[in-house]
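One structure is given here, and the rest of the page talks about it.
Note that the structure is a prediction, hence the values are computed from the model and not measured. Sequential numbering from 1 along the given sequence is applied to the chain's residues.
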Amino acid sequence: MTSPATKLPSISRDEFGEFFAALDAALDAALNSAPNEAPKEKQKRYPFSWQEEVLDHICEHGVWPERINAPTGSGKSSVVDIHLFANALAAVGAAPRVPRRLCVTVGRRALVDSQATRADNILGCMKKALTDGSGEPDILRRVAEALQSFQTRNDEKESNPFETGHIRGELSNRNLPVTDISACAIIAATPDMYGSRALFRGYGSTKAARPRETALLTMDTVMVLDEAHMNRQLLHTTQRIAELQKREVNLGVPTLQVVETTATPSTEDSDSTTLGVDIEALDSPNDEELRNRVYSHKELMLHPIDKWDGKPGNPATVNAAVDTIKGFLAHREAGEDSKKAHTVGCIVNHVRTAISIKEKLVKDKVLGKEEEVQLLVGRMRPYDLKKLHPDLFTTEGDESVKVVVATQTLEVGVDVDFADLVTELAPASSLAQRFGRVNRLGHRTDSKVVVIEPASGDSVKKDAPPYKAVDLSNAYGWLEALNGTENPSVNPAAMVKNPPVQSSPERLLYQRPEWPDLLEFSRTDENPYDEPDLDLWLHDSLDAETAMGGVIVRDNLPSNTSAAMEILKTSYFAPSDLETFPANLKILQEILDYQDEHGVKPRKFLYRQGEISLWQDADHGEESRQSLAPGDVLLLDMGSVPFTNQGIAVTQRELPSKKDELKAVPFLLKAVSFLDDAELYVAELYVYEKCADREERFRKYLGLSPEEVAELLDAQSADGKKKMIASELTTEAEDGQEVIAWYAVVTDEEFVEGSDIAQELAPAGPVLLDDHQNDVAERTRQLAENLGLAPEFSEVLELAAKYHDEGKRDLRFQQMLGADPDADALAKSGHRSVAEAYRARSRSALPRGWRHEQLSALMVAASPEKVGEHRDLVLRIIGCSHGHGRFSFAHDAGFLLKEGYLPEGMDYEALKEQATRLFNVGYWDNLMEQTSRTYGPYATAYLEAVERAADAQISREGH
């Protein structure tokens, strides 16, 4: 954290060009230079004129433009560079306060992953600029130092210049910088994941995480919706949220700003501030590269076929694509520069078509090696994607890959630069995006684009899901018009002069959330009779098949379901992003319905909102007691249900005759972060019935009870870096003795920030309650000052933080922490393992589900002298300090209080009377309703999130 006395570096608006060029060079050097090799000299790349204009607008007005119109290949990803520099200027007082967080949202999983990776790589370069120790601070270092000043953390680890986040539906772990709420941040998200969080109902989030994730993504945030024409409903929803936030109390921080970026604008709102590329005004020297891209050579060639029908795996389409690819390859092989990367792209409309094309290319021996053709679709596991050639998805390309066969996942934003492209007929806006993947930089003079289409426009009479007949017919006419020009081209200039026909709306009316909707959605901790269906506010199409979930296979889960659940609930072995196959809910439902040859449905587990449960199949003739929801992840035993073709999740009818040889992702993983080779975690799991060397691995645990094993492992873990955890269940060993079902060795303490158990642990010695609350109050004050919160709300937060853990004074809670009854109350116990903490909780007198923050709110409500004018708001922030109590607590006064366990000086009867009023009669519910109406649902969620961030930071620092 930068102290008030620390002088921030000087940065001026005129230095944006140097920053842009330095960052581009640093990324190129880091990603393309071999270890211990000096970076290659490269011509500096400065921002285009339109990028400078966007920054000027932000610096002048303090807000982003509502719309950015820029053709494919014009550098829309630079919004990240602009965001970082604008915040650096704000940090040093050279520009107005702007949103600290940028969330780039787009409906293509591959692009979301690419954006997240680029953000992480930029962070690596900025961190390196801070630590390389070279002479005078250069522009990267100065920007990094300015951004670092936003951080309020004070832990041993040096603060990052900014934070990153990554959320999409198929990720079982979603990463958001909720603890670093004052920091500058870059977040990549899919529309569902962003939109559901904007409406307080984050898909895959736990109930307790919902409000702080909403606050993070809708306050002090600019949301850039890329290719907004594909997500018109989300655009309407978020614009309405931004409008309604203007009715809320002014906290002193920016509310949500929404920017649509697209080459084909989705609305014609003349009042919107629009910036972007003017292809007729590219005369600046800095625009020379952009001019080359806009006027690049992309010759259009139409390939009509008689038997086109738009259906998945159509043989005529497959054969036409393969023949076209053969011609492209022959042409490139005969060229003078045949050794350079000249990858041919093939983008089709269906997974089955893509798989069939790859299979035919391999069968016909079109290529020397199977590895020379790569398949890329959205339903690939990240673990498998990481095995693909890393240079392939860059503009430099990979000469070892001759062909890439893909689906719509490559339509938007991925920086591939194909030499030639073959595609099948699709809506005009989709084709325009596909055309942008070929000759992207304009360096080639002979690139061709072939579109496979029907022999006659009259053939396009029926819908060919996922596309409508009217859109395909309009695209056919548009292509004929382009083909009728003197030199048929599909470069960006041609797209501007002859714009692609916009796809017809998926629905007649778009829905917008109203104030009562938001108040209802913000009741995040309750269990409604039926969860609201967010499709109405998030999706252009209401087709259920568009909703996404995931599938995971494991090869070492014990047959004992309780033991398997234990493993899955242990954080090191919980579902991970790397092993998750993206799949729509139709595929997930087919997996649930699958029966083996004996008519038995294999065991399945459900991962939802951070919780693991066994899927309960319905009995014969009954409806299932569970239903699938977006973001759900199914966990299967290896080989129990076939669901992949070429390593891609498919429907049962798309399965190959020969099953895929699928492998589970190994647990023993070393995840390496960019530039610093940091080992994120290593975990080894040993399951008795799956362990090949079980006699050696489990010998010392034979005949011991789980409690005895736990004590033995705690002793073994007392010193050293490695920790040992074990099952609380036993199984029968080969000699008839009992033995633990599994155990694991991990490199670090199992500690989940923000979890309930984290509230009871400290990395070092015990933490006194008064010290902890004072530290959190001070950190809250610092956060409020850093964020620029209005003074009255800064005072509210500081008061709430000062008393947020008062309920921990309950003597039952103190006993659980192992406190001395004659000493000062503790906030956290001394060093103990997670297993010890859980055992202490189970042995305490506290009832299951008891919430200390509920008692904290009660104790402060009984002492009105502690709070000021905004009493109810203070109580709300205290009660919701861990995401519970919104809008009611699950338990009443009788559950919360127990006579004889209150701290000295507390009147049990008076407190019980107050508790009855609050939690039995309904005053707490009224308090929540009134504060939401008075201050606003987003403003209150944000205030709660600031206090939670301060608490989490202090806990992370061991205080």
Side-chain angles (χ1 to χ4, degrees), residues 154-156 179 208 714 717-718 749-780 798-860 862-863 866 877-884 896-906 908 911 947-959:
N154 194 28
D155 52 9
E156 294 180 1
T179 299
D714 286 342
S717 303
E749 182 60 70
E750 183 187 1
F751 186 87
V752 183
E753 186 176 285
S755 68
D756 290 340
I757 208 69
Q759 295 300 314
E760 302 162 18
L761 296 171
V767 177
L768 295 179
L769 180 56
D770 288 338
D771 291 345
H772 173 72
Q773 294 196 118
N774 288 334
D775 286 344
V776 174
E778 173 59 20
R779 181 59 53 83
T780 303
E798 194 170 350
L799 278 170
K802 186 174 182 180
Y803 301 112
H804 76 283
D805 271 352
E806 282 294 289
K808 288 185 176 181
R809 298 187 190 277
D810 186 289
L811 298 183
R812 295 169 294 176
F813 199 94
Q814 291 298 304
Q815 289 174 0
M816 182 179 65
L817 296 181
D820 183 345
D822 297 324
D824 292 338
L826 295 180
K828 299 177 186 292
S829 67
H831 180 72
R832 60 169 75 173
S833 69
V834 172
E836 287 177 307
Y838 275 115
R839 287 197 294 273
R841 176 183 287 189
S842 65
R843 294 167 183 166
S844 72
L846 284 173
R848 186 177 180 83
W850 186 89
R851 303 298 317 175
H852 70 266
E853 64 270 27
Q854 183 181 8
L855 181 56
S856 298
L858 171 62
M859 293 169 73
V860 174
S863 306
K866 292 183 177 180
I877 295 170
I878 292 172
C880 300
S881 60
H882 295 300
H884 299 280
L896 181 64
L897 297 172
K898 189 170 183 180
E899 192 171 8
Y901 285 96
L902 290 174
E904 187 176 348
M906 299 294 295
Y908 172 75
L911 209 58
E947 190 279 332
R948 291 180 73 177
D951 189 13
Q953 287 183 17
I954 293 299
S955 296
R956 184 164 59 185
E957 293 163 19
H959 303 298

Can you tell me which residue pairs pass the salt bridge (Lys or Arg N to Asp or Glu O under 4.0 Å) test with a partner in residues 810-827, sequence neighbours excluded? D810-R812

Could you check whether any side-chain heavy atom of E947 comes within less than 4.5 Å of a side-chain heavy atom of V776, counting everything from C-beta outward? yes

Shortest non-hydrogen contact from A825 to R809? CB-NH1, 4.0 Å

Please enumerate all residues that pass side chain to side chain donor-acceptor pair (under 3.5 Å) together with E853, with sequence neighbours excluded. R851

For a quick test of reading the model, state the closest non-hydrogen atom pair linking L902 to L811 and the distance between them. O-CD1, 3.9 Å

Which value, rounded to the nearest 0.5 Å, describes the distance between M906 atom CE and L897 atom CG? 8.5 Å

Heavy-atom closest pair, residues L911 and A862: CD1-CB, 3.6 Å

Do H882 and D951 have side chains that approach each other closer than 4.5 Å (heavy atoms only, starting at C-beta)? yes

Is there a side-chain contact between L768 and L826, using heavy atoms and a 4.5 Å cut-off? yes

Does the side chain of R779 come within less than 4.5 Å of E957's, by heavy atoms? yes

Does some side-chain heavy atom of K898 sit less than 4.5 Å from a side-chain heavy atom of P847? no

One should read off an interatomic distance between F813 CZ and D805 CG, to the nearest 0.5 angstrom, of 7.5 Å

Is a side-chain donor or acceptor of E798 paired with a backbone partner of T780 at a separation under 3.5 angstrom? no

Below 4.5 Å, heavy atoms only, C-beta onward: do H772 and S955 meet side chain to side chain? yes

Set of side-chain contact (heavy atoms from CB on, under 4.5 Å) partners for A800, sequence neighbours left out: V874, I877, I878

Report yes if some heavy atom in the side chain of Q854 is under 4.5 Å from a heavy atom in the side chain of L858; otherwise report no. no

Can you give me the closest heavy-atom contact between K828 and L817, atom names plus distance? N-CD1, 4.1 Å

Among all residues two or more places apart in sequence or in another chain, which pass the side chain to side chain donor-acceptor pair (under 3.5 Å) test with Q773? E806

Going by the rule side chain to side chain donor-acceptor pair (under 3.5 Å), which residues pair with D771 if we only count those two or more places apart in sequence or in a different chain? none

Any non-hydrogen side-chain atom of L799 less than 4.5 Å from a side-chain atom of K866? no

Please answer whether the main-chain N or O of H804 pairs with a side-chain N or O of S856 as donor and acceptor at a distance below 3.5 Å. yes

As a test of understanding, state which of K808, M859, Q814 forms a side-chain contact (heavy atoms from CB on, under 4.5 Å) with P903. M859

Closest non-hydrogen contact found for A777 with A801 is CA-CB, 3.6 Å

